[in-house]
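Heads up: the structure comes next, in structure tokens.
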There are 2 protein chains.
Amino acid sequence: MSELDQFDLKILRELAADGRLSGRELAERIGLSLTPTVRRVRRLEEEQYIQGYGAQLNEQQLVGSISVFVSVTLEKQSESVIARFEGTVTKCPEVMSCFLMSGDADYNLRVVVKDLESYHHFLTRTLTRIPGVAHIKSSFALKTVLIRPAPLL
Amino acid sequence: MSELDQFDLKILRELAADGRLSGRELAERIGLSLTPTVRRVRRLEEEQYIQGYGAQLNEQQLVGSISVFVSVTLEKQSESVIARFEGTVTKCPEVMSCFLMSGDADYNLRVVVKDLESYHHFLTRTLTRIPGVAHIKSSFALKTVLIRPAPLL
DNA sequence: ACTGAAAATAAATCGCA
DNA sequence: TGCGATTTATTTTCAGT
């Protein structure tokens, strides 16, 4: 996997800000002609620096305005419990992110719901029903200060 | 702001998965002809259901593989302290998200760095130097189970 | 409101310097 | 690598249902 030069970084910055830029426009912005620009983009895609392109949807407007950070502790960290837990939360549309944490070997989820009732529903119908879940702690966000769709280069 | 029908939801799903779909291809996939499809996309953009389009960059490959959840407590929640804190973290490229939390009225950040040294640097050079920061607690992620680029509809 | 077609633009591709 | 012409898509517009 080759190193990235200044042109590559410019390409990534431009495409992160506008994923629908045409080759011509992109070439103009980074100051390179069309052919090498397109070639570089292909390489960045192949080497997975660019994983895909997507519309940025309004999370609040579409799914709800409440973000809840949920800390989940499992009773035991057996393979099957872990696999089932991760598989289940990945399928839940409410779950926007999930990390396995150090320390007590628990999970940190961010769940987005439209109101407290929906959250309660998610908690009782989904989360607590996953086998091996020992403890759940919920922390509510009052305000979203920042969510970056892509890392800043 | 009008309600979304099944076609609108299909459009959002398709564009979330591939933001560079052409009108023709999108129309084909949702089962509507070109003209109304394009009109609907414009409307979804205008009404901010679609906030933009972006390349999905590989966070791990580009900025680092360590995600740290940082809980920050402020000494007092005065306007100026809050404004300065939020302004500063928004400018940090390491900070991927920031939420104002209920409870102790502190912040929950996700910071991505390439190694522990970088994290230490961020902590001492940036975070602890913001006026009004009283307490910082760091929790490290061992594994990223899931980060959804867009909400699931 | 949606369809279908036609016209005008723009983009990807490929040979060549 | 970079340039430019050809081929191919894509967007826009308009008349019709």
Side-chain angles (χ1 to χ4, degrees), chain A residues 1-64 93 114 148-153, chain B residues 1-59 61-63 148-153:
Chain A
M1 202 143 287
S2 43
E3 273 310 295
L4 302 178
D5 65 15
Q6 281 309 112
F7 287 119
D8 293 318
L9 289 177
K10 272 189 187 172
I11 288 173
L12 293 175
R13 272 192 286 262
E14 292 294 340
L15 286 181
D18 183 358
R20 288 198 316 189
L21 281 178
S22 68
R24 187 190 53 75
E25 171 100 36
L26 181 62
E28 206 167 89
R29 294 201 191 181
I30 69 166
L32 214 58
S33 70
L34 183 59
T35 316
T37 303
V38 172
R39 261 204 293 267
R40 280 165 183 266
V41 173
R42 299 281 166 271
R43 205 199 89 217
L44 292 168
E45 288 166 355
E46 273 161 23
E47 294 182 356
Q48 290 285 299
Y49 290 103
I50 296 173
Q51 298 184 313
Y53 300 86
Q56 288 150 3
L57 305 187
N58 192 327
E59 186 179 298
Q60 299 210 162
Q61 220 172 139
L62 287 165
V63 302
K114 71 174 209 288
R148 247 189 247 296
L152 227 54
L153 306 171
Chain B
M1 201 142 288
S2 43
E3 273 310 295
L4 303 178
D5 65 15
Q6 281 307 113
F7 286 119
D8 293 318
L9 289 177
K10 273 189 187 170
I11 288 173
L12 293 174
R13 271 192 286 261
E14 291 294 340
L15 287 181
D18 184 357
R20 288 199 317 189
L21 281 178
S22 69
R24 186 192 55 74
E25 172 100 36
L26 181 62
E28 204 167 274
R29 294 200 192 180
I30 69 166
L32 211 58
S33 71
L34 185 57
T35 316
T37 302
V38 172
R39 246 207 320 264
R40 280 164 183 267
V41 172
R42 300 281 166 269
R43 204 199 89 218
L44 292 168
E45 288 166 355
E46 274 161 24
E47 295 182 357
Q48 290 285 298
Y49 289 104
I50 297 173
Q51 299 184 314
Y53 299 87
Q56 289 152 2
L57 305 187
N58 191 326
E59 186 179 298
Q61 219 171 139
L62 287 165
V63 303
R148 248 190 247 295
L152 227 54
L153 304 172

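The figures here come from the full heavy-atom set of this structure, side chains too, leaving out hydrogens, waters and symmetry mates.
Qualifying salt bridge (Lys or Arg N to Asp or Glu O under 4.0 Å) partners for Arg43(B), counting only residues two or more places apart in sequence or in other chains: Asp8(B), Glu47(B). For Glu28(A), the side chain to side chain contact (heavy atoms under 4.5 Å, CB included) partners are Arg24(A), not counting sequence neighbours.
Distance Arg39(A) CZ to dA11(C) C1': 17 Å, rounded to the nearest Å. In this structure, the CZ atom of Arg20(B) is 19 Å from the P atom of dA10(C), given to the nearest Å. Rounded to whole Å, the distance from CG on Leu32(A) to C1' on dG2(D) is 9 Å. dT1(D) atom C1' lies 15 Å from atom CZ of Arg43(A), rounded to whole Å.
Side-chain contact check for Leu44(A) versus Leu4(A): some heavy-atom pair is nearer than 4.5 Å. When side chains are defined from C-beta on, Ile50(B) does not count as touching Gln56(A), because their heavy atoms never get closer than 4.5 Å.
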Q | Contact letters for nucleotides 6-17 of chain D, in which S counts primed atoms plus P, OP1 and OP2 and B counts the base, heavy atoms under 4.0 Å | A | ----SBBB----
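Across Ala16(B) and Ala150(B), no two heavy atoms sit closer than the pair CB-CB, 4.1 Å.
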Q: Begin from the C-alpha positions of Arg29(A) and Leu21(A) and carry the test side-chain contact (heavy atoms from CB on, under 4.5 Å) through to its verdict.
A: CA-CA 10 Å; Arg29(A) 294 201 191 181; Leu21(A) 281 178; 3.6 Å; yes
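Using a 4.0 Å heavy-atom cutoff across all strands shown, Arg40(B) reaches sugar-phosphate atoms only and no base atom.
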